[in-house]
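Working notes for the structure below.
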Amino acid sequence: MATELKGLTKRSENYSKWYNELVVNAELAEQAPVRGCMVIKPYGYAIWEKIQRILDDKFKETGHQNAYFPLLIPKSYLSREAEHVEGFAKECAVVTHYRLKNAEDGSGVVVDPSAKLEEELIIRPTSETIIWSTYKNWIKSYRDLPILCNQWANVMRWEMRPRLFLRTAEFLWQEGHTAHATREEAEAEARRMQEVYADFAEKYMALPVIRGVKSETERFAGALDTYTIESMTQDGKALQCGTSHFLGQNFAKAFGVQFVDRENKLDYVWATSWGVSTRLMGALIMAHSDDNGLVLPPKLAPVQVVIVPIYKTTDELSAISDKVKSIVEGLKARGISVKYDDADNKRPGFKFADYEVKGIPVRLVLGMRDLQNGTLELMRRDTLQKETLSLEGIDAKIETLLDDIQNNIFNKALKYREERTVEVDSYEEFKTQIENGRFVLAHWDGTAETEAKIKEETKATIRCLPFGLDETPGKCVCTGAPSARRVLFARSY
RNA sequence: CGGGAUGUAGUUCAGUCCGGUAGAAUACCUGGUUUGGGACCAGGGGGUCGCAGGUUCGAAUCCUGUCAUCCCGACCA
């Protein structure tokens, strides 16, 4: 994979190649020497930390607490919930031994065959099973409910075809697991967390999402309902950005988690689980980037403003640096993060290009010309427009501008999606529009057979049954059978 | 796991058909000049050609095997 290419390959050539180069060149991540895994570099991780911090605050506001559960899960735990096994038993990493020893021929270390585990351990693909086996000990009465826990962790799924951020074998995420006394409360929780995710995506990531519920086929293994938020990437595919599952009593029954209610009757608890992952970073990159590189929404940019000096001599530099100092202070006072890049081993042109690839929202340039005129040059990353501004009141202007950029990026992505979302009533047009990378709203007869047929023939899947949309009945686009409502079809990552 | 492709310098790749001294660009190091859009000049370091066999006087190149990676599917946040 390219690490030192100067420019980015234009999107038209090959979208996934362009995407990979973007991720690597913007110093977000690179492929690890372990199959399907990635190294998240400091700049990429700084963005993830921002996402974490904001979401974690939201979870606390909604009454959740963080906890931590083990990485390794006894294999038998995964056998208890039949549907869950169907969905997850397959692509998992398995720990079979607990010791290495030196090879007799001196060629290094080998697995010690005498250190075989009685029961194999599974590296968590998700934590429902270990958490519910733990909750069993925590829950006796309705007074112990609800339990509202979240965990920040890594998980591992032995994916067949990894892509940086979008699908890696190991990924970072948060998983919330809650236990409730009533069905209504659990369903409300699942819906509430879906809305927390949607709000975060739109307000902070500037990422418009479609809220909806998954079809039975696309549902999480073991859930009664899977609520989703779906975004559109610039190549017209759908990307599931977050999920919130209403698990019913399935896991409680599988792990024997019962409680005594107010009427002194024994009942199984109602559950939810919900998560977002480092895939959000992929969604961000896929949605906003252009051929000059990453475009970060100001609310997630680790550095919101970068200042580049233009100078010939050290005297000029110190004159400029003096002036910059007051600008930096003014911006910091408004809570804006600023970097002054006075490194003398890179030329200004290199810095300009580099910060564009990294997606820094605002770039300020100061040279001797500006010092004489009391001005500076400002460029906004989203439109690449440059203007020369007076230093007077610059910090206030930038504060407003950052909001403008945040809104502009969101509106641009929203417009892009709306222009590429179509209602379709014939199967021929359905195929054409899917081929063109459109979100297609079409009638569906509600059967898994039709869903499978459409997937087979067009590679499109039902992304969700969207909320807040016209729900008038019609005829299935594929079979002509009666349909309750339009659903969202698209190809997806 | 099926279909296709590729493994050569840190990186991107040429050289392989037709066997004969290991190449380019870029990155890196040194010195100088530069600095308002990815600098230039001069010099320098760096590769058991994925791995293992075989054919040959001689293999990056031909043959056999093997491993790995990438792309298109299947799986999936």
Side-chain angles (χ1 to χ4, degrees), chain A residues 1-9 13-17 20-21 24-25 30-36 86-92 125-126 153-175 197 214 217-221 226 228-231 238-245 273-283 292-293 308-314 316-317 320 342-357 363-371 373 375-377 379 384 386 388 455-456 459 461 491-493:
Chain A
M1 202 168 293
T3 55
E4 287 164 23
L5 291 185
K6 282 208 160 179
L8 296 164
T9 309
E13 191 189 319
N14 178 329
Y15 201 90
S16 57
K17 187 181 174 193
N20 280 346
E21 284 180 5
V24 173
N25 288 345
E30 62 191 26
Q31 200 175 47
V34 181
R35 201 207 81 105
E86 257 323 287
F88 267 109
K90 293 156 196 164
E91 275 82 33
C92 289
T126 178
N154 56 343
V155 289
M156 175 159 264
R157 299 173 188 177
W158 211 257
E159 296 294 348
M160 302 174 200
R161 198 141 82 80
R163 284 179 201 276
L164 294 176
F165 287 116
L166 296 177
R167 184 176 304 106
T168 42
E170 181 189 9
F171 57 94
L172 306 180
W173 77 349
Q174 58 68 217
E175 44 180 328
Y197 289 154
K214 288 286 186 188
T217 320
E218 299 282 328
R219 192 181 284 163
F220 175 71
T226 289
T228 179
I229 56 172
E230 302 276 332
S231 75
L239 188 65
Q240 184 171 339
C241 292
T243 51
S244 183
H245 312 292
S273 68
W274 28 272
V276 294
S277 70
T278 36
R279 172 179 272 194
L280 285 178
M281 308 263 302
N292 289 9
V308 179
I310 310 284
Y311 60 95
K312 291 193 172 69
T313 64
T314 49
E316 288 181 4
L317 175 61
I320 293 165
D342 60 351
D344 63 357
N345 58 344
K346 298 272 190 262
R347 303 174 81 252
F350 184 93
K351 293 177 185 173
F352 295 168
D354 193 44
Y355 290 119
E356 271 163 40
V357 171
R363 184 189 74 213
L364 304 178
V365 177
L366 261 93
M368 293 313 284
R369 194 201 297 161
D370 297 299
L371 230 50
N373 301 340
T375 58
L376 52 65
E377 184 191 85
M379 194 200 72
L384 297 170
K386 283 189 246 186
T388 301
K455 186 178 179 183
E456 170 77 25
K459 292 186 222 159
T461 51
R491 287 186 184 159
S492 73
Y493 274 103

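Residue numbers begin at 1 in each chain, while the letters A, B, ... track the order of the sequences. Quick caveat, the model's predicted, so the values are computed rather than measured. Just so you know, these numbers use all the heavy atoms, side chains as well, and skip hydrogens, waters and symmetry mates.
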Problem set entry | B/C28: pairing nucleotide in any strand, Watson-Crick or G-U under 3.5 angstrom | B/G44
Exercise. Rounding to the closest angstrom, what is the interatomic distance between B/A25 and B/A9 at atom P?
Worked result: 16 Å
Filtered N/O pairs between nucleotides 71-73 of chain B and protein, under 3.5 Å:
{"unit_1": "B/C72", "atom_1": "OP2", "unit_2": "A/Arg161", "atom_2": "NH1", "d": "2.1"}
{"unit_1": "B/C72", "atom_1": "OP2", "unit_2": "A/Arg161", "atom_2": "NH2", "d": "2.9"}
{"unit_1": "B/G73", "atom_1": "OP2", "unit_2": "A/Arg161", "atom_2": "NH2", "d": "3.3"}

Problem set entry | The single option from A/Met156, A/Arg279, A/Arg157 passing side-chain contact (heavy atoms from CB on, under 4.5 Å) against A/Phe171 | A/Arg157
Problem set entry | Comparing A/Ala353 and A/Asp344 on RNA chain B - which has the more 5′ nearest nucleotide | A/Asp344
Exercise. NA contact type, A/Thr388, heavy-atom cut-off 4.0 Å: base, sugar-phosphate, or nothing?
Worked result: nothing
Problem set entry | Counter-base of B/C13, judged by Watson-Crick or G-U geometry with both distances under 3.5 Å | B/G23
Exercise. Contact class for A/Met281 (heavy atom, under 4.0 Å): base, sugar-phosphate, or nothing?
Worked result: nothing
For this session: Could you state the atom-to-atom distance from NZ of A/Lys386 to P of B/G36 in whole Å?
Result: 11 Å
For this session: Mind checking A/Glu159 for me? I need base, sugar-phosphate or nothing, with any heavy atom below 4.0 Å counting as a touch.
Result: base
For this session: Answer yes or no as to whether B/A77 has its base stacked against A/Phe171, where stacking requires a ring-centre separation under 5.5 angstrom and planes under 30 degrees apart.
Result: yes
For this session: Starting at atom CZ of A/Phe350, determine the distance to atom C1' of B/C28, rounded to an integer number of angstrom.
Result: 13 Å
Exercise. Starting at CG of A/Leu166 and ending at P of B/C76, how long is that distance when rounded to a whole Å?
Worked result: 17 Å
Exercise. For A/Asp370 and A/Thr388, which heavy atoms make the closest approach, and how far apart are they?
Worked result: OD1-CG2, 4.5 Å
Problem set entry | Euclidean distance for C1', B/G46 against B/U26 (whole angstrom) | 14 Å
Problem set entry | Protein-nucleotide distance (A/Lys346, atom NZ; B/G37, atom C1'), rounded to Å | 16 Å
Exercise. In whole angstrom, what separates A/Asp354's CG from B/A39's P?
Worked result: 12 Å
Exercise. Quantified in whole Å, what is the P atom distance between nucleotide B/A74 and nucleotide B/U64?
Worked result: 33 Å
For this session: Taking atom C1' in both B/C41 and B/A60, compute the distance separating them and give it to the nearest angstrom.
Result: 34 Å
Problem set entry | Gap in Å between the two C1' atoms, one belonging to B/G44 and one to B/A27, rounded | 14 Å
Exercise. Hey, what's the ring geometry for A/Trp274 with A/Tyr197, parallel, tilted or perpendicular (30° and 60° as the breaks)?
Worked result: perpendicular
Problem set entry | Identity of whatever pairs with B/U55 - Watson-Crick or G-U, under 3.5 angstrom | none
Exercise. How far, in whole Å, is B/C49 from B/C62 if one measures between their C1' atoms?
Worked result: 16 Å
For this session: To the nearest 0.5 Å, tell me how far A/Leu366 CG sits from A/Thr375 OG1.
Result: 7.5 Å
Seminar exercise, completed: Of A/Leu384 and A/Arg279, the one whose closest nucleotide on RNA chain B sits nearer the 5' end is A/Leu384
For nucleotides 2-6 of chain B, tabulate all protein N/O to nucleotide N/O atom pairs closer than 3.5 Å, reporting atom names and distance.
none

Problem set entry | Span that lies between the P atom of B/U11 and that of B/C17, in whole angstrom | 26 Å
Exercise. Is the shortest side-chain N/O distance from A/Arg347 to OP1 or OP2 of B/A39 below 4.0 Å?
Worked result: yes
Exercise. Do A/Glu230 and A/Lys214 touch side chain to side chain, with heavy atoms closer than 4.5 Å?
Worked result: yes
Exercise. Is B/C1 paired to anything, Watson-Crick or G-U wobble with both distances less than 3.5 Å, and if yes, which nucleotide?
Worked result: B/G73
For this session: Output yes when at least one side-chain N/O atom of A/Gln174 is less than 4.0 Å from OP1 or OP2 of B/A77, else no.
Result: no
Exercise. Roughly how far apart, to the nearest Å, are B/U8 and B/U48 at atom C1'?
Worked result: 12 Å
Exercise. Counting any heavy atom closer than 4.0 Å, what does A/Gly275 reach on the DNA or RNA strands: base, sugar-phosphate only, or nothing?
Worked result: nothing
Exercise. Going from OH on A/Tyr311 to CG on A/Asp342, what distance comes out if it is rounded to the nearest 0.5 angstrom?
Worked result: 7.0 Å
Exercise. Got a second to check how far A/Met368's CE is from A/Glu316's CD, nearest 0.5 Å?
Worked result: 4.5 Å
Problem set entry | Nucleotide paired to B/U66 in any strand shown, Watson-Crick or G-U, under 3.5 Å | B/G50
Seminar exercise, completed: Between the CG atom in A/Leu280 and the CG atom in A/Leu166, the distance rounded to the nearest 0.5 Å is 10.5 Å
Seminar exercise, completed: From OH of A/Tyr493 across to C1' of B/C75 the rounded distance in Å is 17 Å
Exercise. With sequence neighbours left out, what residues match A/Ser273 under side chain to side chain donor-acceptor pair (under 3.5 Å)?
Worked result: A/Glu128
For this session: Would you classify A/Lys455 as touching base, sugar-phosphate or nothing, given that sugar-phosphate means primed atoms plus P, OP1 and OP2, and contacts are heavy atoms under 4.0 Å?
Result: sugar-phosphate
Problem set entry | Nucleotide paired to B/A39 in any strand shown, Watson-Crick or G-U, under 3.5 Å | B/U33
For this session: Nearest whole angstrom, please: distance from the C1' of B/C29 to the CG of A/Asn345.
Result: 14 Å
Exercise. Roughly how far, to the nearest 0.5 Å, is the OG1 atom of A/Thr278 from the CG atom of A/Leu164?
Worked result: 10.5 Å
Exercise. A/Arg35 has an atom CZ; how far is it from atom C1' of B/C70, in whole Å?
Worked result: 13 Å
For this session: Please tell me if the side chains of A/Arg363 and A/Lys351 come closer than 4.5 Å, counting only heavy atoms from C-beta onward.
Result: no
Exercise. Nearest 0.5 Å, what's the CD-CD distance between A/Glu159 and A/Glu170?
Worked result: 12.5 Å
